Asker: 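Input: one structure, supplied below.
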Amino acid sequence: MPPSRSTTITNVNNNNNNNEETIEDSKYSIIEKDETLPMRATSLPYLIAFIVPLLNVYGAKLGGNYNWLTFFFAFGVIPILDFLIGLDHYNPTREQEKKLSKQMTFKVLTWLWVLVQLSLLVWAERFIGLNPISGFAYLGFVVSLGISTGGIGITIAHELVHKANWFEQTLGRTLLVSVSYGHFYIEHILGHHKRVATEEDPATSRLGENLYSFIPRSIIYGFISACNIEAKRLKNQGFKTNFVPQNQMIQFLFFSLSFALTFYYFFGFNAFRLFFEQSIAAFMLLEIVNYIEHYGLQRAPNSNSNSNSNSNSNSKSYVQVTPMHSWNAGHRITNFFLFKLQRHSDHHANAGRRYQILRSFKASPQMPTGYAGMMLLSLVPPLWFRVMDPLVEDIRQKIKYYEKHNINPFASTEFDPLTIKSN
């Protein structure tokens with residue numbers, strides 16, 4: 001069960017509203033072309049994500065090391081397909097965006113995933129309750145389940161909680177409490193999107209910070225941030241204490257424990273343990289993604305921060321979020337697999353945009369591979385730093401150049417930074 005309707009958060013961003021119906025944007029424009037939707041602008045390719053739960057079941061039925069089948073699909077087959085099929089920087093025109101936004105199939109796919117994930121979770125808990133496995137095979141079972149509930153599930157939850165309507169927010173929260181990470185709903189929308197690419201943001205990795213330092217910092221301070229944000233909300237509503245049923249943090253804890261205890265009641269202790277183990281696998285994948293999405297990218301303090309800041313707040317004011325503050329990847333298959341999460345710059349610049357109309361900006365920071373390859377690379381910090389640190393420095397130099405010459409690299413999605421001669 002998700003938290004009650006009365007606790008719905010209104011999505012906010014520090015530089016734009018999140019109404020998904022608002023798809024016009026004068027600052028980040030597109031080049032108008034043929035208004036006929038191409039074949040690739042359909043919802044069918046996104047069905048590739050639904051292969052993952054099928055592989056979970058199939059691998060478990062085969063047994064043994066086949067429990068790793070999902071892992072090898074996500075981190076082996078998908079990157080190979082990305083390499084073979086290549087990049088996709090297609091952007092719909094405004095007229096095409098309007099058509100795409102009205103197509104219900106894109107929404108239905110995300111709604112359907114909620115049913116699929118909850119069904120998969122019940123099946124997995126029952127399977128482990130009746131067929132205890134151990135060792136390397138069990139680790140594969142847990143990791144593979146986490147790829148479904150975290151790699152895909154949290155990605156879809158992220159898409160849903162950014163929507164303005166209660167129904168989709170509730171579906172997103174349901175996915176999050178099923179992996180014991182309900183506080184992400186609060187911290188991501190009201191914390192991360194305000195503080196992204198600053199030292200105040202727990203979910204932004206810093207230049208030179210390795211993955212193994214970042215993960216505990218992001219988990220711990222992200223949770224604390226969510227508690228503080230919720231405490232402030234309750235105080236503003238007149239509550240004298242945080243220990244009230246209206247506290248969403250308490251609600252998230254209650255519903256996650258309800259999942260675990262229900263599985264314990266019907267399927268035993270192994271199922272109870274599995275619920276928390278798959279939760280860890282799921283949100284660890286999320287945190288690795290958080291690490292790669294903003295590594296080393298920084299917003300400069302606002303020159304008018306003192307006058308613009310709230311006198312009751314200790315937080316600094318920073319320049320507006322732009323597509324320059326997130327890493328992106330144009331790899332076609334992973335963009336279908338992860339519902340265009342890799343077009344992360346446009347998401348942060350326009351948080352209410354639905355995944356099917358997120359745009360690719362050539363001038364935005366680009367990762368060398370898709371998410372799977374970058375996630376694996378991040379596991380080896382020396383290699384990560386060797387690849388990414390020069391790219392971060394290059395981005396910083398480009399920002400200085402654009403500012404010096406008063407260039408808006410996002411005036412068009414077609415602006416190519418390679419055409420800029422080095423100064």
Side-chain angles (χ1 to χ4, degrees), residues 1-13 16-23 42-44 46-47 49-50 53 97-122 148-193 226 229-230 233 237 245-256 258-259 262 282-283 286 338-341 346-348 350-358:
M1 292 290 292
S4 63
R5 181 170 185 164
S6 62
T7 61
T8 299
I9 284 179
T10 300
N11 290 335
V12 299
N13 197 333
N16 58 73
N17 68 55
N18 280 347
N19 183 350
E20 62 266 25
E21 301 305 323
T22 304
I23 59 176
T42 70
S43 58
L44 289 178
Y46 298 94
L47 288 171
F50 290 80
E97 284 183 353
K98 292 176 183 178
K99 294 177 182 179
L100 287 168
S101 296
K102 293 177 181 178
Q103 290 186 10
M104 282 296 296
T105 52
F106 290 100
K107 295 181 181 180
V108 170
L109 280 183
T110 59
W111 303 347
L112 178 62
W113 178 268
V114 181
L115 178 61
V116 169
Q117 177 163 318
L118 295 180
S119 299
L120 175 68
L121 197 53
V122 172
S148 278
T149 60
I152 308 298
I154 295 181
T155 297
I156 292 178
H158 170 260
E159 170 73 15
L160 293 169
V161 298
H162 270 291
K163 300 302 164 277
N165 65 83
W166 172 84
F167 173 69
E168 288 184 290
Q169 285 195 12
T170 299
L171 291 180
R173 288 180 292 177
T174 301
L175 290 175
L176 291 174
V177 297
S178 74
V179 293
S180 309
Y181 228 55
H183 70 278
F184 177 82
Y185 172 66
I186 299 172
E187 159 56 22
H188 180 79
I189 296 173
L190 301 180
H192 175 62
H193 270 262
I229 291 170
E230 183 64 2
R233 184 186 73 87
Q237 292 188 356
Q246 291 84 355
N247 188 325
Q248 294 180 107
M249 297 296 289
I250 294 176
Q251 292 177 19
F252 296 143
L253 176 61
F254 172 79
F255 287 113
S256 291
S258 296
F259 268 111
T262 299
F283 66 68
L286 165 67
L338 295 178
F339 294 77
K340 288 191 176 174
L341 183 63
D346 198 22
H347 167 69
H348 268 278
N350 304 279
R353 277 180 167 262
R354 290 192 177 270
Y355 67 93
Q356 68 268 28
I357 59 171
L358 287 174

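Since we're looking at a predicted model, the values are computed, not measured. Excluded from the calculations below are hydrogen atoms, water molecules and symmetry mates; all remaining heavy atoms, backbone and side chain alike, are included. The first residue of the sequence shown is numbered 1, and numbering continues consecutively from there.
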Asker: Is there a side-chain contact between Ile186 and Met249, using heavy atoms and a 4.5 Å cut-off?
Answerer: yes
Asker: Lys340 and Leu358: which non-hydrogen atoms are nearest, and at how many Å?
Answerer: O-CD1, 3.6 Å
Asker: Aromatic contact between Phe283 and Phe184, with the criterion being ring centroids under 6.0 Å apart: yes or no?
Answerer: no
Asker: Could you tell me if the side chain of Phe106 sits less than 4.5 Å from the side chain of Arg354, heavy atoms only?
Answerer: no
Asker: I'd like to check Pro53 versus Trp113 (side-chain heavy atoms, cut-off strictly below 4.5 Å). Are they in contact?
Answerer: yes
Asker: How close do Arg173 and Val161 get, heavy atom to heavy atom, and via which atoms?
Answerer: N-CG1, 4.0 Å
Asker: Just how far is it from atom CG of Leu120 to atom CG of Leu115, taken to the nearest 0.5 Å?
Answerer: 11.0 Å
Asker: For residues Pro245 and Gln251, report the shortest heavy-atom separation together with the two atoms involved.
Answerer: O-NE2, 3.0 Å
Asker: Between atom CD1 of Ile154 and atom CG of Leu338, what is the distance when rounded to the nearest 0.5 Å?
Answerer: 12.0 Å
Asker: Contact between Ser101 and Ile357 at the side-chain level, heavy atoms closer than 4.5 Å - yes or no?
Answerer: yes
Asker: OG1 of Thr170 to OH of Tyr185: how many Å apart, nearest 0.5 Å?
Answerer: 7.5 Å
Asker: Is the closest side-chain heavy-atom distance between Tyr355 and Leu109 below 4.5 Å?
Answerer: yes
Asker: How close do Phe259 and Val177 get, counting heavy atoms only, and between which atoms?
Answerer: CE1-CG2, 3.8 Å
Asker: State, with a plain yes or no, whether a side-chain heavy atom of Leu176 is found less than 4.5 Å away from one of Phe252.
Answerer: no
Asker: Atom OG1 in Thr149, atom OH in Tyr181: separation rounded to 0.5 Å?
Answerer: 13.0 Å
Asker: If I take atom NE2 from residue His158 and atom CD1 from residue Ile189, how far apart are they, to the nearest 0.5 angstrom?
Answerer: 8.5 Å
Asker: Do Val179 and Leu286 have side-chain heavy atoms sitting under 4.5 Å apart?
Answerer: no
Asker: Do you know the tightest heavy-atom contact between Gln169 and Lys163?
Answerer: NE2-O, 2.8 Å
Asker: Checking side-chain polar atoms at under 3.5 Å, does Ser43 have a donor or acceptor matched by the opposite partner on Gln103?
Answerer: no
Asker: Using every non-hydrogen atom in the two residues, find where Gln117 and Ser178 come nearest and quote the distance to one decimal.
Answerer: NE2-OG, 3.0 Å
Asker: Quick check for you: to the nearest 0.5 Å, what is the distance between Ile152 atom CD1 and Leu175 atom CG?
Answerer: 11.5 Å
Asker: Under 4.5 Å between any side-chain heavy atoms of Arg353 and His347, yes or no?
Answerer: no
Asker: Which is it for Glu159 and Lys107 under the side-chain contact (heavy atoms from CB on, under 4.5 Å) test, yes or no, and what are the steps along the way?
Answerer: CA-CA 10 Å; Glu159 170 73 15; Lys107 295 181 181 180; over 6 Å; no
